[in-house]
Number of protein chains: 2
Amino acid sequence: MEKNLKINPACDERCPVRASLSLLSGKWTLMILFQINENTVRYGELKRAVTGISEKMLIQELNMLVENKLVSKKAYHEIPPKVEYRLTELGLKTLPIVDQLAQFGLENLV
Amino acid sequence: MEKNLKINPACDERCPVRASLSLLSGKWTLMILFQINENTVRYGELKRAVTGISEKMLIQELNMLVENKLVSKKAYHEIPPKVEYRLTELGLKTLPIVDQLAQFGLENLV
DNA sequence: AATAATTATAACCTTTTGGTAAGTACTATA
DNA sequence: TATAGTACTTACCAAAAGGTTATAATTATT
């Protein structure tokens, strides 16, 4: 009988943790998802909410998230511009991850 | 009445998500925690399990994790060397995060 | 003697990531 | 006429992260 009753499969290309991280790693990604959360948020609101992020990174990340179907974008064709972001069905499914990150931070770090 | 019933505080230095990420972001960190999981794992086992990681990154991450008290290290003074790693109490508390990452990957990506 | 096994360490280099600063477009307002 | 507000874009640069290769130490095995 082995010591390790619960044996993890190796962490290769098919590893689900690796797959998730390839999408969600990055300095700002999960913080942006956390801020959008279940709300409808404008670009400018996000910029203020995610303290310290540069405009370049913010739209770069938003574009990436839209491309990967985690976030949907709605542009009103007005002047001045108005663009709203929200989580898609798929994006909402990342919230449990974000919640666990928040809980861990709250209970052990902050 | 506002549209957003659930208002998130801004994501500044005190943001718990940010705090967690400052510890756990990085290409390999969460995968290593995932592999160690509830087991006692030797360095060489980890190297094989976390496919593609370089030795440099593996010990660098392990040292970081030990320093931050997420992982404990037990060295047997034998030849050839034998070193075992396991999660501390604090480290075990990251497993819900890892589990959510795994679940998201499993259900939506892999 | 030489090789294998194990857990590292160090020097060097490349790639990735992120930051800075400036500019665009259009209108309302002062 | 100048400024402010909004959502971007681009070019350039700096820093962080990660990869490669070589090396160490010690013993058992071949």
Side-chain angles (χ1 to χ4, degrees), chain A residues 3 11-13 15 17-18 20-36 39-68 71-86, chain B residues 3 11-13 15 17-33 35-36 39-68 71-86:
Chain A
K3 245 199 225 165
C11 233
D12 57 7
E13 311 75 35
C15 169
V17 174
R18 190 179 292 221
S20 294
L21 288 175
S22 80
L23 207 57
L24 302 174
S25 74
K27 190 171 173 179
W28 301 105
T29 316
L30 286 157
M31 262 189 305
I32 292 172
L33 296 173
F34 175 57
Q35 278 300 323
I36 301 180
N39 306 310
T40 299
V41 190
R42 294 185 62 179
Y43 172 85
E45 292 183 271
L46 271 177
K47 202 173 71 180
R48 283 184 293 276
V50 183
T51 311
I53 196 171
S54 66
E55 297 196 340
K56 173 193 156 190
M57 285 313 296
L58 181 53
I59 52 127
Q60 189 173 301
E61 288 287 298
L62 285 171
N63 290 339
M64 180 276 271
L65 289 169
V66 168
E67 228 174 68
N68 288 316
V71 166
S72 66
K73 171 178 175 171
K74 180 174 181 187
Y76 296 82
H77 298 290
E78 304 173 1
I79 295 292
K82 176 178 176 183
V83 180
E84 288 177 345
Y85 294 93
R86 43 186 308 207
Chain B
K3 246 200 225 164
C11 232
D12 58 7
E13 311 76 35
C15 168
V17 175
R18 190 179 293 223
S20 294
L21 287 176
S22 78
L23 206 57
L24 302 175
S25 75
K27 190 171 173 182
W28 302 105
T29 317
L30 286 157
M31 262 188 304
I32 292 172
L33 295 173
Q35 278 300 325
I36 301 181
N39 305 310
T40 299
V41 190
R42 294 185 62 179
Y43 172 85
E45 291 183 90
L46 271 177
K47 201 173 71 179
R48 284 184 294 276
V50 184
T51 311
I53 196 171
S54 66
E55 297 196 339
K56 174 194 158 190
M57 285 314 295
L58 182 53
I59 53 128
Q60 188 172 301
E61 288 287 300
L62 285 171
N63 289 339
M64 180 278 269
L65 290 168
V66 168
E67 226 173 69
N68 287 316
V71 166
S72 65
K73 172 179 175 172
K74 181 174 180 187
Y76 295 81
H77 297 291
E78 302 172 355
I79 294 293
K82 175 177 174 182
V83 180
E84 288 178 346
Y85 294 93
R86 41 187 308 208

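Here is the naming used below: chain letters follow the sequence lines, and residue numbers restart at 1 for every chain.
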Participant: Relative to the 5' end of DNA chain C, which residue comes earlier, S25(A) or I79(A), by the nucleotide with the nearest heavy atom?
Facilitator: S25(A)
Participant: Mind calculating the distance between CD (Q60(A)) and P (dT17(C)) to the nearest angstrom?
Facilitator: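 The distance from CD of Q60(A) to P of dT17(C) comes to 9 Å, rounded to the nearest Å.
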Participant: Which whole-number value in Å describes the distance from M57(B) CE to dT16(C) P?
Facilitator: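 Distance, rounded to whole Å: 15 Å.
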Participant: In terms of the nearest nucleotide of DNA chain D, which residue is placed more toward the 5' end: P80(B) or S54(B)?
Facilitator: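 Closer to the 5' end of DNA chain D: S54(B).
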Participant: Any side-chain N or O of N63(B) under 4.0 Å from OP1/OP2 of dA8(C)?
Facilitator: no
Participant: Evaluate the side-chain hydrogen bond (donor to acceptor under 3.5 Å, both in side chains) criterion for residues E84(A) and Y76(A): first the C-alpha distance (whole Å), next the side-chain angles of each, then the deciding distance (0.1 Å), finally the verdict.
Facilitator: CA-CA 8 Å; E84(A) 288 177 345; Y76(A) 296 82; 3.0 Å; yes
Participant: Of all heavy-atom pairs between K27(A) and L21(B), which one has the smallest distance, and what is that distance?
Facilitator: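 The pair with the smallest heavy-atom distance is O-CD1, 4.4 Å.
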Participant: Out of curiosity, Y85(A) OH to L58(A) CG, how far, rounded to the nearest 0.5 Å?
Facilitator: 7.5 Å
Participant: On DNA chain D, which is the earliest and which the latest nucleotide, 5' to 3', with an atom closer than 4.0 Å to a heavy atom of chain A?
Facilitator: dG5(D) to dA11(D)
Participant: Could you give the CD1-to-P distance, from I59(A) to dT17(C), as a whole number of Å?
Facilitator: 16 Å
Participant: Closest nucleotide of DNA chain C for G52(A) versus for E55(A): which of these residues is on the 5' side?
Facilitator: G52(A)
Participant: Taking atom P of dT9(C) as reference, at what distance in whole Å does atom CD of E61(B) sit?
Facilitator: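 Distance, rounded to whole Å: 14 Å.
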Participant: Is there a side-chain contact between K73(B) and the phosphate of dA8(C), meaning an N or O under 4.0 Å from OP1 or OP2?
Facilitator: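 For dA8(C), OP1 or OP2 has a side-chain N or O of K73(B) closer than 4.0 Å.
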Participant: Rounded to the nearest 0.5 Å, how far apart are CD of E55(A) and CD of Q60(A)?
Facilitator: 13.0 Å
Participant: Does atom CD (E78(A)) have a neighbourhood of more than 12 heavy atoms from anything else shown, all under 6.0 Å?
Facilitator: yes
Participant: NZ of K82(A) versus P of dT27(C): gap in Å, rounded?
Facilitator: 18 Å
Participant: In whole Å, I'd like the distance from the NE2 atom of H77(A) to the P atom of dA25(C).
Facilitator: 18 Å
Participant: Give, for atom CG of D12(A) and atom CZ of R18(A), the distance between the pair rounded to the nearest 0.5 Å.
Facilitator: 6.5 Å
Participant: Identify the heavy atoms of C11(B) and Q35(A) that sit nearest to each other, and give their distance.
Facilitator: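 Distance-wise, the nearest heavy atoms are N-NE2, 3.4 Å.
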Participant: So for K27(A) and dG18(C), does any side-chain atom that can act as donor or acceptor lie under 3.5 Å from a complementary atom in the base?
Facilitator: no
